[in-house]
Each structure stands twice: as C-alpha cells, then as structure tokens.
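This one's a predicted model, so the numbers in the text were calculated from it and none came from an experiment. The figures that follow rest on heavy atoms only: side chains count, while hydrogens, waters and symmetry mates do not.
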Amino acid sequence: MKKIKLVQQIAEEGVVAVLRGETPEEVVGMAKHAIAGGIKVIEVTMTVPFALRAIEELARTYSSAKPGSDDYAIIGVGTVLDPETARAAILSGAEFVVGPSLNPQTVVLCNRYRVPVMPGVMTVQEIQSALELGVDIVKLFPGNLYSPSMIKAIKGPMPQANIMPTGGVSLANLGEWIEAGAVAVGIGSDLTSEAVKTGNYALVADKAAQYVAAYRKAKGKH
C-alpha cells in the first residue's frame, strides 16, 4: 500500500524538484528551500558527490514527518543507471527512484521492494516496455526535445500511460504540459540556477512557490 500511496502523492503534488550540486551540503540546502517554497517531492541525483549522504539527511528530516504537514516531503533519488545504485539509495532512505533511461533490471529491483520507479523514455516502444515491466510513471526525457503535444499523441494509443516531462519545463510552459495530460513535471536547473549564480539560496524557495502556484492554477486548484 505504501507504494500506491507514494505514487498518488507524487501525482497530487505534481512538481518534482530535480536537484544537482557540487556537495551534499549544497543539495540539502537547495532541498530545504524548495520544500519551504512548497515543493514536496525532492529528487537528489546520483551525479552529486556523496549523494547518499544528502538523501540520508533529508529522509531523516522529512520522510518521517506527518504527510500534509509543513515538515513532510517525499525524498527520492535520480540519475539511477543500475539496480545496485537503486538499492543503495533505497537503503539510504530514498522513497522513489528515477533514471534517465529504461533499465529493466532497475525496474525489477524497485518492484521487488515496492518502491516507485520512474525511468526515462523517449519513444512509444520504450513506454510500452516500461508499462509491461510494471512502471507506474514514465519520465519523458529530455522534455526540451518535445512539445506538450507529444503527450497528447502518446495518450492516443496509450491513454493508460502516466507521463512526467523533465528537462525544459519552465514557468512559461508548465501549464501547457499539464493541460496536455502530464501527470507531474520535473523541474531542474531553472529552479536553482539563479540561486547558484548569486549564492542566495532563498531564491530557490521563491521559485518553488512560483512553480507550485503555476501547477495549482493549471489544475484548477486554489
């Protein structure tokens, strides 16, 4: 049941912060500001040196809080290329796993432990393969290679596919992606680039709040 609830929560929240940085401390700081700004789904990428440290600290702080409270967030891992990395991250507290591509062994591993897995896909064939492996949400990546109309095209033959575009999603086009049928969106550098450039990480919270407001507007929520 926990897996089902997590998938539902990710879809309900709708915005996933994809965080990269030079140190685990930097990523933890980004995550705290993103959560303060209202983004409750955090993906720490494995390209971060000592990424598992960041996942452990964030999971310890936020995953045990009561769902719906200000202190609660879902902490996951991204840029997972293989099942070994997925298992290490899960043991460190990751509650969901994201990859840039579809690795069947990683999906099998995550299904074994009932952990939501969101592999990256680019084609209808890859989406079908992911569905056959039991994937609940696929990540359309890189999203900047497509327009939101891609989701409508995919959902013609595969209305059952839950699609999350990542890469190239911005405040300007988030509404279009949601209206086209995206179950959620992944936000990367646009969320953190200004903060990294200026050293003012409070800007992450401001940008996060803007993304949450844009998502809620697109979904007709107030």
- prompt: Is the count of non-hydrogen atoms from other residues, nucleotides or ligands lying under 6.0 Å from Asp82 atom CG greater than 12?
  reply: yes
message: Run the side-chain contact (heavy atoms from CB on, under 4.5 Å) test on Ile39 and Leu191 for me, step by step, so that the C-alpha distance in whole Å, both residues' side-chain angles and the decisive distance to 0.1 Å come before the verdict.
response: CA-CA 11 Å; Ile39 295 180; Leu191 179 66; 4.2 Å; yes
- prompt: Looking at side-chain heavy atoms only, is the closest gap between Val135 and Pro119 below 4.5 Å?
  reply: yes
- prompt: Do Glu26 and Tyr201 have side chains that get closer than 4.5 Å, going by heavy atoms?
  reply: yes
Check: Val16 and Met164 side chains under 4.5 Å, non-hydrogen atoms: yes
field: Exercise: identify the closest heavy-atom pair between Pro165 and Ile151
entry: CD-CD1, 4.3 Å
- request: Indicate yes or no for a side-chain donor-acceptor contact from Asn173 to the backbone of Glu176 under 3.5 Å, with no hydrogens or angles considered.
  value: no
- request: Could you grab the distance from atom CD1 of Ile35 to atom CG of Leu58, nearest 0.5 Å is fine?
  value: 6.0 Å
- line: To the nearest 0.5 Å, atom CD1 of Ile187 lies from atom OH of Tyr215 at 11.5 Å
message: side-chain contact (heavy atoms from CB on, under 4.5 Å), that's the test. Do Arg20 and Thr79 meet it? Break it down for me.
response: CA-CA 10 Å; Arg20 304 180 187 275; Thr79 322; 3.5 Å; yes
- prompt: Is there a donor-acceptor pair closer than 3.5 Å between any side-chain N or O of Glu57 and the backbone N or O of Arg53?
  reply: no
- prompt: Pick one: which of Val117, Val41, Ile42 meets side chain to side chain contact (heavy atoms under 4.5 Å, CB included) with Phe96?
  reply: Val41
- prompt: Which value, rounded to the nearest 0.5 Å, describes the distance between Arg87 atom CZ and Ile90 atom CD1?
  reply: 6.0 Å
task: Apply the test side-chain contact (heavy atoms from CB on, under 4.5 Å) to residues Met158 and Ile127: give CA-CA distance (whole Å), side-chain angles for both, the deciding distance (0.1 Å), then the verdict.
output: CA-CA 9 Å; Met158 291 186 178; Ile127 294 171; 3.7 Å; yes
query: Under a 4.5 Å cut-off applied to non-hydrogen side-chain atoms, are Ile137 and Val7 in contact?
result: yes
task: Return yes if some donor-acceptor pair links the side-chain N/O of Tyr146 with the main-chain N/O of Met122 below 3.5 Å, else return no.
output: yes
task: Starting at OG of Ser170, measure out to OH of Tyr211 and round the result to the nearest 0.5 Å.
output: 5.5 Å
Any donor-acceptor pair under 3.5 Å from Glu12 side chain to Gln8 backbone: no
query: Under 3.5 Å, side chain of Ser92 to main-chain N/O of Ala88, donor-acceptor pair present?
result: yes
field: Gap between atom CG of Leu81 and atom CE of Met46 - 0.5 Å precision
entry: 9.0 Å
- prompt: So with a 6.0 Å cut-off around CD of Glu132, is the heavy-atom count from everything else above 12?
  reply: yes
- request: Report yes if some heavy atom in the side chain of Asp190 is under 4.5 Å from a heavy atom in the side chain of Lys207; otherwise report no.
  value: yes
query: Passes side-chain contact (heavy atoms from CB on, under 4.5 Å), Met30 versus Val196? Steps please.
result: CA-CA 9 Å; Met30 290 176 178; Val196 172; 3.5 Å; yes
- prompt: Is there side-chain contact between Lys40 and Tyr62, with heavy atoms separated by less than 4.5 Å?
  reply: no
query: Is the backbone of Leu133 close enough, under 3.5 Å, to the side chain of Asn111 for a donor and an acceptor to pair up by distance?
result: yes
field: Charged N-O contact under 4.0 Å between Glu95 and Lys2
entry: yes
- prompt: Just by modelled atom types, is the Gln160 backbone N or O under 3.5 Å from a matching donor or acceptor in the Lys155 side chain?
  reply: no
field: Close side-chain approach of Asn162 to Val138, heavy-atom, < 4.5 Å
entry: no
field: Side-chain heavy-atom pair Leu102, Ser129 within 4.5 angstrom cut-off
entry: yes
Main-chain N/O of Thr123 paired to Glu126 side chain as donor or acceptor, under 3.5 Å: yes
statement: Heavy atoms of Val204 and Ala195 approach each other most closely as CG2-CB, 3.5 Å
- prompt: Can you tell me how far the CZ atom of Phe141 sits from the OG atom of Ser101, to the nearest 0.5 Å?
  reply: 9.5 Å
message: Give me the atom names and distance for the closest heavy-atom approach of Ile55 to Val44.
response: CG1-CB, 3.8 Å
